[in-house]
Structures are given as structure tokens and as C-alpha cells.
Amino acid sequence: MADTTTNDQGIPEPEGTSALIETDYTIGQDNIDGSVGPFGFDIHNPVFLVSGVAIVAFVFYTLALPDQAGTFFGWLRPALTSTFDWFFLSAANVFVLFCLALIVLPVGKVRLGGAEATPDYTYLGWFAMLFAAGMGIGLMFFGVLEPAYYFGTPWGDAPLGTVRPFTEDGVLIAENVEEARRMALAATSFHWALHPWAIYAVVALALALFTYNKGLPLTIRSAFYPILGERVWGWWGHVIDVTAVFATLFGLATSLGFGATQANAGLEKVFGLPNNTTVQVILISLITAVALVSVLRGLDGGVKVLSEINMGLAMLLLLFVLFTAGAVGILSGFGKGLVAYVQEVVPLSNPFGREDDGFRQGWTAFYWAWWISWSPFVGMFIARVSRGRTVREFLICVLIIPSAVCLLWMSVFGGAAINDMVANPETSAVKANVIDAYSPELSLFAMLEGLPLSGITSVLGIVLVIVFFVTSSDSGSLVIDTITAGGKVDAPVPQRVFWCLFEGAVAIVLLLGGGLAALQAMVISTGLPFTLVLLVMCWAIWKGLKAERQA
Amino acid sequence: MYSKIMVPVDLRHVDKLGHALSVAGDLAKLWDATVTYVGVTAAAPSDLGHTPEEYAERLAAFAEGQGASLGIKAAAHAMVSHDPTTDLDPTLLRAVEETGADLVIMASHLPNIADRLWPSNGGTVATRATASVMIVRG
């Protein structure tokens, strides 16, 4: 490093056509490899061990002192999102503007992997993977819940303090319906369109750029090279990587635990299966087993195939709901939702001078913290599969297209749910499960109940929930394995198997011992430090892209 | 007998390939065949190269070294795989087609318990390749 010419960012001046970063660090130099019996391993020392031990320690802590952990993290998460709501909202706006700017600026021409690189995946396969990893499961869970909730909430969480369509005793106020529907769809779209995808895009772009164009290992610390320089290979980098592993594993394990309870609620409703921990443990084991097969089959044979199956099934469900709930009405609703989103996105993303605390702090800041805490995982996965795309192409496909799909999804599912509530306020299952009693896990099934063939579509819904969990679980195992192998993507298979099983085991232990909610709150709390990290990444991307343009 | 011999190599563990490399060298001399050394890499940077191009250069240098020390005609053929850990077999099978090899000489470890869980690379390539396959132990 000492004898190369570097500019003030520590990035060497580019030579020739590639702007590789010269560093004395060899990928894998801190790794220990060997074998336990017949099973080989190749792990980063100390990231693998520290992450593993820290995870076990935290699980132990929440199980040994459940009340203390529950109280602490139960306080921490809302405290962070209500104190720093302005920070989350402002940062997310920065990410959106940054990504939109990169699409139109000349640096958008830079190709990930060098000027000669060709894309690793077709548009369809690529898009299916980034969508399944990014938010597939959230769409299943919130697609009905969120619009229905904003539409009818009696608890003062109305976005921008908009009008209520029901009186206190549940009678419909006809003149408020249109405005409440418009705002419900705009607010839901706001949480699922540009902002979350911009968060993912920033992390993914930083990692892809520093890996494929700068030649640094595929691990979170590499994006910090412009700031930390060679220190990134020492403890600074270890801490960054361990935190990312930690957030990813607990994020996956807690949502797997909750996902099992949701799938169980669905199974109870459709098949009358008992709703208890035995069934949930069986579900987690089943999901982990399928994920294991997928992990053993690798990226192309496992994750990609499952993602494509998922996208096909989700499309089927979307089309079914669209046509049975009245395609014309819903498509015009999509048009109106799009207009409403464009009109309201600025007021909704304004961080200051607002009075809708319940919505802004309880929903928006919560979502932003949540997306950001997931961003190391999703971002790294997107980076892994995005080689060969130009920055412009990358951002259009990671930002604009998924946003459009989410807008469509929300207006179809939310539109159908709201129609149901307006048409039969007395008997609507959606209203009963979202507004009258808050049982979020049943909202999707409640909406499907109001449509024909609900037996078949509910089963399809449950299958989708489970398969989306499998895709998160296996792509998560690949990501954690790569980080804990010091950025090596070709570490021995038994390591992936270990992380996949470990994640399932942590989910089961937390489900049985209690502590899912506490640890999920903890994971979302990591969103705050990661927000700073993401802001720094924007700067690093900018510097890196400029160096690349000069090359 | 055979004119194009393909030898898959793991540049990270060249020391474990010794026997297969010398067998390939001897047979190539016997039949005056060309040996193509095939290596598989991921697109992501590794200790063997920051880019697939760097990896290819390293493989070419290895092939040249083998050719010189064994006195045979040597070539290199680098393959890029999305996930080399799991996609090694299909990638090697693709390499057999691309190089037009009529004989594959592969190094293999002694079978152990793990081979009962998932098949060895040599076994799979031997089952599926159109070319003849010779597995060299030790």
C-alpha cells in the first residue's frame, strides 16, 4: 500500500481499464482451514467464532433473564424509533435521492465487474432472486394488513391525520371513504416502494462495486475501505462483519419463529390444525429441512429455482385476487394509488413538523429501521447476483421495477380488502381481524375468505409463506457463510449446512423459551447504527464510481 | 490413443494433485497428447485472483510451468461458476465439452464417510462425461 499513489480517499489512482484497489491483504489470509472428521472447513478467524459465541450468549441471556431482556429491548426499540424518527426519515430520503441521481448521472454507465463483464443471470432469474430475498414474505404478511389498517384504524395511527371512514361504533361514513382509501394506499405504497429498495440498493451497490470492480473480498467490511483504509482488515472490520452476521442471523431466526406461528394460524383456520408449539417446531424443522436441500444445491440449483417458483406462485395469487375481486375496479385503483403515491410521497417522507406520531414513529420509522437492519443480508445477496450490470441498469431494476410491483401488489390486495370492508362493514372478515380485533397473521386469509375458491387460495397462501421463508433462510445461510469465511464464496459446503441448521435451532430455542419478540426488537435496534453506516456507504459509492469513470 | 487430456486442478491445493499431474504428464508423453489444465473460479475476488481474468492468468502460468517441467504440450482453460462449491460437477462437465477432451484425469481423495452423504466430484464426472475418465488416488 505504501508505494502506490493514492488519493485522499485511500483509493489508488486507477491504472488502465480497471480501478482495482491495491492492498497487501490477501483474501483468506486470516482464515483457518482444516477438517472435523470428514467435513472440511475454511473459516475467518475471528469473525466465525466471535459471531457464533455471541449468538449463543445472547440466546442464553434472553432465556436466562427473559423479563429483563424483554423489558429492555421492548423499551429500546420504540425509544429509538420515536426519538430518532427524524433521522430515519431523513436518511431514507437521502438514499432515494442518491439512487435516483445515480440513474441519470454519467457515472450510471459504470459496469459492475469491469467494462467487459457480462451479466451472470437473465433479467427474470435475477429479478426473482432479489425480490424473494428482499421482501417476498413481507408482502404476504402486510399486503392486506397494512392498507386495511390505515383505512380503518380507530387508534389514531392515521397517516397524515387523514379522515376516518367509520364512526366509533363502526358505522360507515360514506363521504370519507374515497379519501381514506386514497391515503391508505398512498401510505402503504410509501413503505414498500422507493424507500426500502433504495436502502437495499445502496448496500448492494457498495458491495458489488468494491467486490467486482475494486477486487476486495465479498464481505460488508470491504465497503469501508475508502474510510478505514488498511484498518478494515483488523478489528474495525471484524466488528462490522460480526454485527452484520448477528443482525442477519437473529433477523432470520426471529422472523422464522414468528413466521411459523403465522403459518400455524393459517393452517388452523384452513385445516383446523391445532395451534401450539409442537406444530410450530415441526414447521420450523420442515422449513429448515427444505432450506438445507436448497443450500446443498447451491445458488443456481437451489435459491434461483425456488425464487422463480415463488415468483410464479405469487403472480398466480395476484392475478387471481385481481380478477375475482373485480379487475377493472382494482386496476383503476392501481392508477389512483399511483397518483396518490406521487402526490403524497413528499408530505409522507417529510421528517419535521408533523403531528401523526402514531403513523410516523410507530410505522414509518419502524419500517425504515427494519429495512435497514435487513440491508446487510439483502444487500449482500443482491450484490452477489448482480455482476455484469451497469449501475444504471442495476438501479432501475433494484429500485424502479420492484417499486412498481409492490405498488401493484398493494393496490390489488389492499384494494380488495378495502372493498370488502366498505361493501359489508358488518360481516367483513378483514374488518373483524384487522380493525375490530387485531390479529395480523389472519388478515391475508380473511381477505381470501371473501373471494371464491378460498380453500385453494388459502393453501396457496400458506405454501407461498413457507416457500418465501425457505428462500430467505437459504439465501441468508449463503450470505452468513460468505461473511464468516472472510469473503470466500467457495468455502466447503458443511459450513453452509451449519449456519442453516444453527438458524433453525436458534428459532426453535427462542420459540420454546420465549424471547422472539425481545430479540426481534434488538435486531431492529441495530437499524440505527446501520443507518449511519449506509450514509457513509453513499459517500464511498460516489468516490468509487468516480474513480471507475476515470479508468 | 488419446490426443486431448483434461486435468481439473485446484490451484489452492496443488500439493494434493501431485500424482494425478505426473500421471497426466507421462500419458501425454506416451501418446503425444495435449494436456489442458482446467480451473474453476467464482466471479467474486479470491486469494487466487481479484478478477476472473487474474485467475485465468495464474492458471495459464501454472499450465506453462507444467508444460516446461514435464516436457509436454500444455494449455489452460479457466471456467467461471456462480457457486463453485456446489456447481463444480456441472462446470467440469461443461469444460469437457468446451475443451473437446477425450480423456479426463482427475485426482481424488480416499473415500470417507462424507462420500456417503454426497457424491465425489470424480464419481459424478465419470458417470456423466462423454469422455473417458481416469480417477487417480493419492
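The sequence lines fix the lettering, A, B, ..., with proteins before strands; numbering per chain opens at 1.
Neither the backbone nor the side chain of V385(A) comes within contact range of chain B, judged by heavy atoms closer than 4.5 Å. In this structure, chain A has a heavy atom under 4.5 Å from the backbone of S46(B), while its side chain stays farther away. Residue A117(A) does not touch chain B at all, counting heavy-atom pairs closer than 4.5 Å.
For the atom pair S81(B) OG and D490(A) CG, the distance stands at 9.0 Å (nearest 0.5 Å). Atoms CG and NE2, from N213(A) and H50(B) in turn, are 13.0 Å apart once rounded to the nearest 0.5 Å.
Under the 3.5 Å distance criterion, the side-chain polar atoms of H82(B) are matched with a main-chain donor or acceptor of D120(A). T211(A) contributes no side-chain N or O that, together with a main-chain N or O of A44(B), makes up a donor-acceptor pair within less than 3.5 Å.
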How far apart are the C-alpha atoms of D47(B) and K488(A), what are their side-chain angles, what is the distance that settles it, and do they pass the side-chain contact (heavy atoms from CB on, under 4.5 Å) test?
-> CA-CA 9 Å; D47(B) 45 340; K488(A) 276 192 181 179; 4.1 Å; yes

Given salt bridge (charged side-chain N to carboxylate O under 4.0 Å, His left out), test R297(A) with D87(B) step by step and report yes or no.
-> CA-CA 8 Å; R297(A) 290 181 53 89; D87(B) 294 346; over 6 Å; no

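Closest heavy-atom contact between T85(B) and P492(A): CG2-C, 4.1 Å. Residue T86(B) comes nearest to V295(A) through the heavy atom pair CG2-O, 4.0 Å, listed as atom of the first residue, atom of the second, then distance.
Annotation: maximal heavy-atom pairing with chain B below 4.5 Å, among G301(A), A491(A), P217(A), G487(A), occurs at A491(A). Comparing A42(B), P52(B), A43(B), G49(B) by how many heavy-atom pairs each has under 4.5 Å with chain A, the most go to A43(B).
Contact check on D83(B) versus R384(A) returns a salt bridge, with a Lys/Arg side-chain nitrogen under 4.0 Å from an Asp/Glu carboxylate oxygen.
Atom CD of E98(B) has more than 12 neighbouring heavy atoms from other residues, nucleotides or ligands inside a 6.0 Å radius. Counting non-hydrogen atoms of other residues, nucleotides and ligands closer than 6.0 Å to CD of E116(A) gives a total of 12 or fewer.
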